Amino acid sequence: MKLAIASDHGGVELKSALVNALANIAEVEDLGPSDKTSCDYSDYAVKVAMKVSSGAAEFGILICRSGIGMSMCANRFQNVRAALCSTTEAATLTRQHNGANVLCLGADTVSVEYAVEIAKAFLATPVDEDERHARRRWKLERAQRFSDASGLMRDDPEVFAAIEAQTIQEDTEINLIASENTSSRACREATGSVLMNKYAEGYPGKRWYSGCLPVDAAEELARKRACELFGADHANVQPHCGSAANMAVYFATIKPGDTILSMSLDQGGHLSHGSPVNFSGKIYNIVPYTVNPETETLDYDQIEKLAMEVKPKILLTGASAYPRTIDFKRIREICDKAGCIMLVDMAHIAGLVAGGAHPSPVPYADFVTTTTHKTLGGPRGGMVLCKDQWAKALDSAVFPGMQGGPLENIIAAKAVVFREWMLPEKKGYAQQVVKNCQVMCKTVQDRGYRIVSGGTDNHLFLVDVKKTKGITGKEAAAALDAAGIVVNKNTIPYDTESPFKTSGIRVGTASVTTRGMKEAEMIKIGTWIADVLDNIADTSVQERVKREAKELVAKFPVP
Ligand SMILES: *Cc1c(COP(=O)(O)O)cnc(C)c1O
């Protein structure tokens, strides 16, 4: 058992006595001070708290005259539960109930002999795993979700109100927006870190500013982990968003006026794939492909025919609203035949690819672009993966081609998330997202709703509410929103409604799966969706579902 111990000048004597008395119980690391020269207790509390917070030590002991300042300081660290004890009873109880891991002692309030007894009781008592105590310990940790932005409560209450509202929204609603997920605490820590203070134009080792060693380390980790996670030759982690990632590939490879063959927006493609209102549609000659009107799935023969006709410079696959597996091998064959660059935009499915629940485009594509915040669950941002031969052109397209300084805090958060994907606890997540999606989709389908393409292979499905109920996607999304279920209206292939109204809704399961929901919950949610849409004008149904949904999500807290 590793034990870190420290004091201020007022606790040096008691500390020495404890170091000796505990030497045969624990592996004691004395973090100072070594004499009675006046010092500041917080400096020493931080040393011990960092050891315990990081897991380098299992326990800590902190001593000052009262023990109070030490406990206040240590408790500011995550994973630290510091308890000021003046009796052996208190030490035993705080271990059992609170799972305290740092013992604070007041040198003025306990004798040396009794302090040794307190410490021995503290170290010998196991944490009580009883449900009641476990729940309370969990709520204690959970308080951090509300304290995270608590500095703003005083400094900027207006901005704090927005953060608080989002926190409550996440806690109480069922989020089925297919392009969203729920980030980990670690990801948010990196996002809010001091790395945001640094200008770092250029790339690790080749920056235009001094002082870039810390951000170089973070960016190098992000690049390395991205390549490892996806099996890519090269990664550029600087694009600020998914659209910028696509822009970088266009800038690296083709000229204004060149032809891109891509899926049109109203069929499931993305704005940055050539929509006339987007830069991509204004700069390049876009030839759109569509899905097969019967099957509503990609028609590879049609794509091949078009590719041979128009000879695009880039064939772009990947979508924002396509519920089926994409055959990247087939797309590669088409690209080889037509002599064009293969670009896959896996923004939506990147998490499924990372987790092995969708075939990877990386072995086939010249470039793979992605966002890092959709199924991947990381910070809002973009990334490009490419084959070695394109690395230089890609990097210069991003900087100095289209961006200035990269967002190194976001890049660090990308690194955090890439590592999370390689951890054992992430195993099975991507498969569960797909399983959940299929179960919810089937539940809605069994209630008579027409599902675009008849089902789903990935994290999202599209419901044709117009055909089924004669309502628009806009009306459906509004009714569901009133019932605490958040989806978005979405065009479906060959939609007859305007993009503002649409005939469909898009439903995704990444976020609810992150919260730990499984098949049983998907059946409940699918049933609620059908209940609300069956009774679109009945607000009592919406109220009932909202109540039940709130009860359900309370059992599945967001990270
Ligand atoms: C979401 C998305 C993007 C880009 O997203 P940003 O909002 O620019 O980060 C790009 N491509 C596809 C297919 C997407 O779904």
Side-chain angles (χ1 to χ4, degrees), residues 175-181 183 187 191 236-251 260-275 277-281 284 286 288-291 298 314-326 328 331 342-354 358 360-362 365 367-385 397-398 402-403 406-407 410-411 413-414 417 433 437 456 458-462 487-493 499 504 506-511:
N175 180 10
L176 301 175
I177 304 272
S179 50
E180 292 180 9
N181 207 329
S183 57
C187 168
T191 300
N236 188 309
V237 293
Q238 292 192 357
H240 299 329
C241 63
S243 302
N246 285 331
M247 182 189 265
V249 175
Y250 307 151
F251 282 14
I260 300 173
L261 180 57
S262 62
M263 191 183 209
S264 61
L265 178 63
D266 58 3
Q267 297 256 320
H270 188 256
L271 274 173
S272 61
H273 295 185
S275 160
V277 299
N278 184 263
F279 78 90
S280 51
Y284 305 106
I286 305 296
Y289 58 84
T290 54
V291 293
L298 287 175
I314 292 176
L315 170 51
L316 170 46
T317 21
S320 302
Y322 185 68
R324 294 301 186 174
T325 300
I326 299 175
F328 297 124
I331 296 285
M342 176 173 172
L343 164 58
V344 174
D345 179 348
M346 63 169 183
H348 260 265
I349 56 168
L352 305 186
V353 170
H358 190 292
S360 173
V362 174
F367 293 91
V368 176
T369 54
T370 187
T371 58
T372 47
H373 51 268
K374 296 182 181 174
T375 50
L376 208 52
R380 207 148 278 282
M383 172 169 76
V384 187
L385 305 170
V398 175
M402 49 176 279
Q403 285 184 178
L407 312 173
I410 301 294
I411 288 171
K414 290 172 187 172
V417 171
V433 169
C437 194
T456 175
N458 60 21
H459 64 296
L460 68 84
F461 63 95
L462 295 160
V487 303
N488 63 280
K489 65 180 178 202
N490 216 99
T491 56
I492 60 172
R506 187 180 67 163
V507 184
T509 51
S511 187

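Both counts, for ligands and for their atoms, begin at 1 and track the order of listing. None of these values were measured; they are calculated from a predicted model. Side chains are part of it too, since the values below use all heavy atoms of this structure and drop only hydrogens, waters and symmetry mates.
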Quiz item: Any luck finding a side-chain donor-acceptor pair between Asn246 and Thr369 under 3.5 Å?
Solution: yes
Practice problem: For residues His358 and Phe328, establish whether the separation of their ring centroids is below 6.0 Å. | Solution: yes
Quiz item: Just by distance, with hydrogens left out, do His273 and Asp345 show a side-chain donor and acceptor under 3.5 Å apart?
Solution: yes
Quiz item: Residues two or more places apart in sequence or in another chain: which of them pass side-chain contact (heavy atoms from CB on, under 4.5 Å) with Ile286?
Solution: Ile260, Ser262, Tyr284
Exercise. With sequence neighbours left out, write down each residue that passes side-chain contact (heavy atoms from CB on, under 4.5 Å) with Glu180, or none if nothing qualifies.
Key: Asn175, Ile177
Quiz item: Which residue pairs satisfy the salt bridge (Lys or Arg N to Asp or Glu O under 4.0 Å) criterion with at least one member in residues 367-383, sequence neighbours excluded?
Solution: none
Pairs under 3.5 Å, N/O atoms on ligand 1 and on the protein: can you put them in a table with the distances?
residue	atom	partner	partner atom	Å
ligand 1	8 (O)	Gly242	N	3.4
ligand 1	8 (O)	Ser243	N	2.9
ligand 1	8 (O)	Ser243	OG	2.7
ligand 1	9 (O)	Gly242	N	2.8
ligand 1	11 (N)	Asp345	OD1	3.4
ligand 1	11 (N)	Asp345	OD2	2.5
ligand 1	15 (O)	Ser320	OG	2.8
ligand 1	15 (O)	Lys374	NZ	2.8

